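Report on the structure given below.
Each residue takes its place number in the sequence, starting with 1. Quick caveat: nothing in here was measured; it's all calculated off a predicted structure.
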Amino acid sequence: MIRLYLMVCFLMLSGCGGQSVIKPTLLSNAESYSNDAMQAYQDEEWVSAQRLFNRALHLYQSMDDRQAVLASHINLVEVALARHDPVAAQKSLRLAEDIVIIDGLDNYYPRMSLLKALMAMQQKEIIKANGFLSELLPVFKGEDALVIPDRIQLVA
């Protein structure tokens with residue numbers, strides 16, 4: 001009787017563990033486009049990177065994945081800055097900021113300020129860029145920072 005019980009338990013457990021979770025096709029395609037776009041960006045293939053990020057963006061929008069849509073807009077700003085296309089950079093940044101404001105994603109404000117500073121620097125608006133960067137700098141008391149600077153503050 002115990003052997004029969006153990007055998008049934010073994011069969012039940014082996015049947016449960018054999019199947020893996022499959023990602024939805026849309027999500028898999030969007031991630032693939034994003035990864036390919038990142039590689040194109042690293043290879044300084046700006047046109048390909050922009051095209052692939054746009055494809056990923058459209059798929060993420062169809063899935064209503066707001067975080068991924070935001071990340072895609074930020075990536076498109078980076079590509080536009082690399083291409084020295086201030087109009088495209090401004091458009092993508094505006095769309096990203098709208099998501100940050102609507103969804104209350106306050107932790108993205110420093111990233112938005114850094115992108116604005118980069119755009120201002122490219123347009124030779126140094127005073128404006130300094131203003132955006134000064135918002136990001138850590139506060140010091142004597143020689144010590146009151147908080148440990150994060151990546152964005154270190155870049156600023």
Taking the side chain as every heavy atom from C-beta outward, state whether Leu118 and Val77 have any atom pair closer than 4.5 Å.
no
So how far is it from Leu27 CG to Tyr60 OH, rounded to the nearest 0.5 Å?
6.0 Å
Which value, rounded to the nearest 0.5 Å, describes the distance between Leu105 atom CG and Met112 atom CE?
9.5 Å
Under the side-chain hydrogen bond (donor to acceptor under 3.5 Å, both in side chains) definition, can you give me all pairs with a residue in residues 84-95, not counting sequence neighbours?
His84-Gln122
Is Ser134 reaching over with its side chain to a backbone N or O of Asn130, donor-acceptor style, under 3.5 angstrom?
yes
Return each pair, listed once, that meets salt bridge (Lys or Arg N to Asp or Glu O under 4.0 Å) where at least one residue sits in residues 115-126; pairs must be two or more places apart or across chains.
Glu97-Lys116, Glu125-Lys128
Tell me the salt bridge (Lys or Arg N to Asp or Glu O under 4.0 Å) pairs involving residues 73-82, sequence neighbours left out?
Glu78-Arg111
Enumerate, atom names and distances included, each donor-acceptor pair closer than 3.5 Å involving a side-chain atom of residues 64-76, sequence neighbours excluded.
{"from": "Asp65", "atom 1": "OD1", "to": "Ala68", "atom 2": "N", "distance (Å)": "3.2"}
{"from": "Arg66", "atom 1": "NE", "to": "Asp103", "atom 2": "OD2", "distance (Å)": "3.1"}
{"from": "Arg66", "atom 1": "NH2", "to": "Asp103", "atom 2": "OD1", "distance (Å)": "3.2"}
{"from": "Gln67", "atom 1": "OE1", "to": "Tyr108", "atom 2": "OH", "distance (Å)": "3.3"}
{"from": "Ser72", "atom 1": "OG", "to": "Ala68", "atom 2": "O", "distance (Å)": "3.0"}
{"from": "Asn75", "atom 1": "ND2", "to": "Ala71", "atom 2": "O", "distance (Å)": "3.1"}

Could you go through residues 47-59 and list every donor-acceptor pair under 3.5 Å that involves a side-chain atom there, pairing it with any protein atom two or more places apart or in another chain?
{"from": "Gln50", "atom 1": "OE1", "to": "Arg83", "atom 2": "NH1", "distance (Å)": "2.3"}
{"from": "Asn54", "atom 1": "ND2", "to": "Gln50", "atom 2": "O", "distance (Å)": "3.2"}

Under the rule for ring pair (Phe, Tyr, Trp, His ring centres under 6.0 Å), what residues qualify as partners of Phe132, not counting sequence neighbours?
none
Residues in side-chain hydrogen bond (donor to acceptor under 3.5 Å, both in side chains) contact with Asp106, at least two apart in sequence or another chain:
none
May I ask you to check whether over 12 heavy atoms, not counting those of Ile127, lie within 6.0 Å of atom CD1?
no
Hydrophobic cluster membership, Leu95 vs Leu93, 4.5 Å side-chain cutoff
no
Give me each pair satisfying ring-ring contact (aromatic ring centres under 6.0 Å, His included) with a member in residues 30-51, each pair once, sequence neighbours excluded.
Tyr41-Trp46
Partner residues of Ser34 under the side-chain hydrogen bond (donor to acceptor under 3.5 Å, both in side chains) criterion, sequence neighbours left out
none
Checking Gln39 against Asn35 for the side chain to side chain donor-acceptor pair (under 3.5 Å) test, could you report, in this order, the C-alpha distance in whole Å, the side-chain angles of both residues, the deciding distance, and whether it holds?
CA-CA 6 Å; Gln39 185 60 51; Asn35 291 334; over 6 Å; no
What pair of heavy atoms forms the shortest contact from Ala117 to Ala129, and how long is it?
O-CB, 3.6 Å
Report the residues that fulfil side-chain hydrogen bond (donor to acceptor under 3.5 Å, both in side chains) with Glu45, sequence neighbours left out, ordered by chain and then residue number.
none
